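Each chain gets a letter, A, B and so on, in the order the sequences are listed, and its residues count up from 1. None of the values given here were measured: they were computed from a predicted structure.
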Protein chains: 2
Amino acid sequence: MKFEIDHNSEESKYIQLHDRIITMIASGKLSEGDVLPSVREMAEILDINFHTVNKAYALLRDEGYVAMYPRIGTVIELSFNKKSRRTEIDRNIKLIAAKAKCMDMDVDELHRMIDSDYGRLVKKKN
Amino acid sequence: MKFEIDHNSEESKYIQLHDRIITMIASGKLSEGDVLPSVREMAEILDINFHTVNKAYALLRDEGYVAMYPRIGTVIELSFNKKSRRTEIDRNIKLIAAKAKCMDMDVDELHRMIDSDYGRLVKKKN
DNA sequence: CATTCTGTTATATTTATTATGTAACAGAAT
DNA sequence: ATTCTGTTACATAATAAATATAACAGAATG
């Protein structure tokens, strides 16, 4: 399972790539120090424009997941503002909790989902 | 705390309204049978165009949160496909789990967030 | 029965976002 | 010197979001 996006998804391509890389970091497929394919290489891999890749990389950089070194490359380098990351996560969870509540899904079921998804990250490193 | 949106948010207005109504249903501020302000009324309340309101209402209808009766009104009426709602929630949780893992947030902390946000829905009904 | 209100449809325009294309730059690496 | 890097600039096209104005059909109201 490598870099890939769904060209027919309603989710924008740069967000798909952005999310994919975060997931790969979380699951250990990408580790601190790893160098991502250059924007042009990645563009060829995914068959999209390099500006779209650059947009994804720049967003990851702004959020603190990677560092972009001109004339060197884009490197996995975790340096985020934990407070703002946490705020973002909490904002997402608030909406999820609301949706779950609407369909009578109880807290325990959400916990099980979290456990399952989080646990899957820890195990699958290939 | 009533209907309101942030005109300067990066989140689109119709999504803001959509999410807001879901949250109000979850917290009990809106109950099954309640009639939402008409698209034109709501448009005036939020100072946006009625087509934008219509887009939010139509999305809520397609997802099963409300029913829209021409010449009558838009009514809170929960009738969703639980499977697809559940799939959506799980997809969101997968990404949240990944983001949390990246910043060394453990599962228990996510559980506490869920508990806090979910619990807040149950209590605050005003 | 005329008026009002409802979601709905139609047409149109404007603005913002997304995605692409081509070209060039500056500097590190080889 | 050549290649590769992120970066910047300029440009275009397609899509999405938001607005505006107008009209329709039918229920509700007085």
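- Between A:Tyr14 and C:dT18 there is a side-chain N or O to OP1 or OP2 distance below 4.0 Å.
- Using a 4.0 Å cut-off between charged nitrogen and carboxylate oxygen, B:Lys94 and B:Asp90 count as a salt-bridge pair.
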Could you pull out all donor-acceptor pairs under 3.5 Å where a side-chain atom in residues 43-54 of chain A meets a protein atom, sequence neighbours excluded?
| residue | atom | partner | partner atom | Å |
| --- | --- | --- | --- | --- |
| A:Asn49 | OD1 | A:His51 | N | 2.9 |
| A:Asn49 | OD1 | A:His51 | ND1 | 3.1 |

Enumerate, atom names and distances included, each donor-acceptor pair closer than 3.5 Å involving a side-chain atom of residues 72-82 of chain B, sequence neighbours excluded.
| residue | atom | partner | partner atom | Å |
| --- | --- | --- | --- | --- |
| B:Glu77 | OE1 | B:Tyr69 | OH | 2.8 |
| B:Glu77 | OE2 | B:Tyr69 | OH | 3.1 |
| B:Asn81 | OD1 | B:Lys83 | N | 3.0 |
| B:Asn81 | OD1 | B:Ser84 | N | 3.2 |
| B:Lys82 | NZ | A:Met103 | O | 3.2 |

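- Backbone-only engagement by A:Glu41 is indicated by non-hydrogen atom pairs under 4.0 Å involving sugar-phosphate atoms exclusively.
- A:Glu10 comes within 4.0 angstrom of nothing in the nucleic acid, heavy atoms only.
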Output one line per pair: protein atom, nucleotide atom from nucleotides 24-28 of chain D, and distance, for all N/O pairs under 3.5 Å.
| residue | atom | partner | partner atom | Å |
| --- | --- | --- | --- | --- |
| D:dG26 | O4' | B:Arg71 | NE | 3.1 |

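- Test B:Lys55, B:Glu63, B:Glu11 against B:His18 for side-chain hydrogen bond (donor to acceptor under 3.5 Å, both in side chains) and you get one pass: B:Glu63.
- Heavy atoms of A:Phe50 sit under 4.0 angstrom from at least one base atom.
- Taking atom CG of residue A:Asn49 and atom P of nucleotide C:dT22, one finds them 9 Å apart after rounding to whole Å.
- Heavy-atom nearest nucleotides on DNA chain C were determined for B:Ala58 and for A:His51, and the one closer to the 5' end corresponds to B:Ala58.
- For C:dG7, neither phosphate oxygen OP1 nor OP2 lies less than 4.0 angstrom from any side-chain nitrogen or oxygen of B:Tyr57.
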